[in-house]
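Notes for the one structure printed next.
Below, chains carry the letters A, B, ... as their sequence lines are ordered, and counting in each starts from 1.
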There are 2 protein chains.
Amino acid sequence: MGSTAYRGRGRPRGFVEEEALDRAIRVFWEHGYEGASLSDLTAAMGINKPSLYIVFGSKEELFKRAVARYRDTYVAYAAGTLEEPTAYAVVESYLRAAVDALTGSGHPPGCLSIQGGLSCAPANSGISEFLAGYRAVFEGELAQRLARAEKEGDLEAGTDTAALARFVMSLSQGLAVHAAAGARREDLQAAVDVALRAIAAYLPAGNPVAPATETTGA
Amino acid sequence: MGSTAYRGRGRPRGFVEEEALDRAIRVFWEHGYEGASLSDLTAAMGINKPSLYIVFGSKEELFKRAVARYRDTYVAYAAGTLEEPTAYAVVESYLRAAVDALTGSGHPPGCLSIQGGLSCAPANSGISEFLAGYRAVFEGELAQRLARAEKEGDLEAGTDTAALARFVMSLSQGLAVHAAAGARREDLQAAVDVALRAIAAYLPAGNPVAPATETTGA
DNA sequence: GCATTTTTGTACCGGATGGTAAATTGGCTG
DNA sequence: CAGCCAATTTACCATCCGGTACAAAAATGC
């Protein structure tokens with residue numbers, strides 16, 4: 001709790017845990033859980049296998065730690081978008097930010113929660129399930145936020161907000177698939193333009209929230 | 001060419017090539033290229049490794065043959081949807097049929113072209129690229145079809161038809177991610193309902209194509 | 001019947017995998 | 001200084017990986 005971390009009696013660690021984890025994130029992100037071998041991981045992390053096992057326990061636990069840190073860093077933007085004042089603003093800012101994140105420079109394209117392991121060998125089926133659960137969390141938060149918007153009169157009464165959230169998350173996951181395959185940022189933003197027209201169709205009549213011009217790219 | 005196939009001189013084959021390929025499709029579909037071991041494959045196909053290598057050449061060639069047959073069987077519905085008379089009907093029938101295919105019984109949920117290997121070990125990066133190219137083919141065909149629709153006055157003049165196609169394909173790929181994680185058919189159809197509202201926004205004024213009621217599920 | 005041809009079953013190959021045992025290193029404590 | 005202890009290095013483990021060599025089996029052609 002603070003900067004005066006207790007430095008135990010033994011030999012001090014030759015690496016910073018968070019830094020090593022960041023390196024591991026990249027490897028998992030690029031190659032997936034099964035495509036990332038321990039040799040790849042330790043080489044990128046700058047440590048060797050016994051150190052990895054002492055600190056992280058196993059490859060699976062390392063992966064889960066990596067996903068958790070990925071959420072708290074690379075996907076930290078998502079929570080903020082839920083605080084936009086209107087449903088339309090929430091969806092717009094989430095999808096815009098997602099495309100920017102999916103195609104950002106300085107890290108692999110796409111999304112760790114999908115590339116990590118959409119389907120795995122029978123022995124690793126737990127990884128796919130773990131990631132599916134992880135993805136479901138934000139979809140649930142978005143659905144709740146949209147349900148609140150409907151109560152606040154910010155969406156047409158009777159709107160299926162769960163379906164709306166599922167639509168938004170499906171689109172962003174499909175955009176992640178495109179990004180992983182090398183799609184350009186502005187092309188994905190143009191697809192978001194289309195999606196926003198759908199959201200606009202759910203606004204109550206006379207609602208002034210819909211945008212005058214489409215902003216493509218960033 | 002016909003039913004009188006030439007039966008060579010040697011020992012006759014103990015299996016039908018297409019049947020074995022169908023079994024392989026399931027294994028790749030469920031576990032991905034890297035998650036499907038040769039042992040898994042040969043066990044499911046009912047043959048042993050030398051037979052597999054004589055007939056299919058290698059694991060990679062087997063996979064590509066599997067994807068080709070998958071396209072010609074499980075995804076055969078897609079080509080037909082392009083022949084619907086209007087842009088709206090094309091998109092609606094494609095998305096409806098895609099959800100039904102993604103959640104169909106009697107085969108793994110989701111889509112082989114995504115689960116097969118969104119990201120791979122460095123040695124298998126060719127697989128991800130192969131699948132990305134495969135996915136791009138139908139997106140291109142859909143974009144062409146929508147461009148024709150715009151020329152025919154079936155979509156607003158000036159519509160970004162490439163973006164529209166990218167939107168539709170991104171959504172369907174995201175629905176595939178959801179399906180692979182176990183999403184229910186009717187929940188995915190409800191997300192399609194939302195998407196169709198976006199398409200409706202691109203119809204010329206006074207176009208009577210938009211549906212009166214949303215048909216959820218099938 | 002016998003040689004030929006192709007597929008089959010079995011057993012094996014080198015290499016990589018995730019994971020560890022054992023011993024060395026290096027810094028703290030007394 | 002000696003004693004301790006954790007993190008390091010190195011070497012190794014059993015197992016599985018994709019892929020093959022080899023010989024037995026089963027059909028045809030002569």
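By the neighbour-count criterion of 12 heavy atoms within 6.0 Å, atom CD of B:Gln144 is sparsely surrounded, having that number or fewer from other residues, nucleotides or ligands.
As rounded to whole Å, 13 Å separates atom C1' of C:dT7 from atom CG of B:Leu52. Rounded to whole angstrom, the span from the CD atom of A:Glu60 across to the C1' atom of C:dT17 amounts to 16 Å. Straight-line distance from the CG atom of A:Asn124 to the P atom of D:dC16: 13 Å, rounded to whole Å. The distance between atom NZ of A:Lys59 and atom C1' of D:dC16, rounded to the nearest whole Å, is 13 Å. When rounded to the nearest whole Å, the span between CZ of A:Phe63 and P of C:dG19 equals 14 Å. Counting to the nearest Å, the C1' atom of D:dG18 and the CD1 atom of B:Ile127 are 13 Å from each other. Distance CD1 (B:Ile47) to P (C:dT6): 18 Å, rounded to an integer number of Å.
Under the 4.0 Å criterion applied to side-chain N and carboxylate O atoms, B:Arg23 and B:Glu19 are not assigned as salt-bridge partners. A salt bridge links A:Asp193 with A:Arg96: the distance from a Lys NZ or Arg NE/NH1/NH2 to an Asp or Glu carboxylate oxygen falls below 4.0 Å.
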Per-nt protein contacts along nucleotides 10-15 of chain C (heavy atom under 4.0 Å; B base, S backbone sugar-phosphate only, - none) come out as B-----

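Looking at B:Glu150, its side chain never comes within 3.5 Å of a backbone N or O of B:Ala87 through a donor-acceptor pair. A donor-acceptor distance shorter than 3.5 angstrom exists from the side chain of A:Arg166 to the backbone of B:Asp187, with no hydrogens or angles considered.
To the nearest 0.5 Å, atoms CZ (A:Arg197) and CZ (B:Phe167) are separated by 11.5 Å.
Against DNA chain D, the stretch residues 18-46 of chain A makes no heavy-atom approach under 4.0 Å.
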Polar pairs (N or O, both sides) under 3.5 Å between protein and nucleotides 3-7 of chain D?
{"residue": "D:dC4", "atom": "O3'", "partner": "A:Arg9", "partner atom": "NH2", "Å": "3.4"}
{"residue": "D:dA6", "atom": "N3", "partner": "A:Arg11", "partner atom": "N", "Å": "3.3"}
{"residue": "D:dA7", "atom": "OP1", "partner": "A:Arg13", "partner atom": "NH2", "Å": "3.4"}
{"residue": "D:dA7", "atom": "O4'", "partner": "A:Arg11", "partner atom": "O", "Å": "3.2"}

Show your reasoning for whether side chain to side chain contact (heavy atoms under 4.5 Å, CB included) applies to A:Met169 and A:Tyr94. CA-CA 10 Å; A:Met169 294 312 296; A:Tyr94 170 69; 3.5 Å; yes

Walk me through whether A:Gln189 and A:Asp100 qualify under side-chain hydrogen bond (donor to acceptor under 3.5 Å, both in side chains). CA-CA 9 Å; A:Gln189 293 289 13; A:Asp100 285 348; 3.2 Å; yes

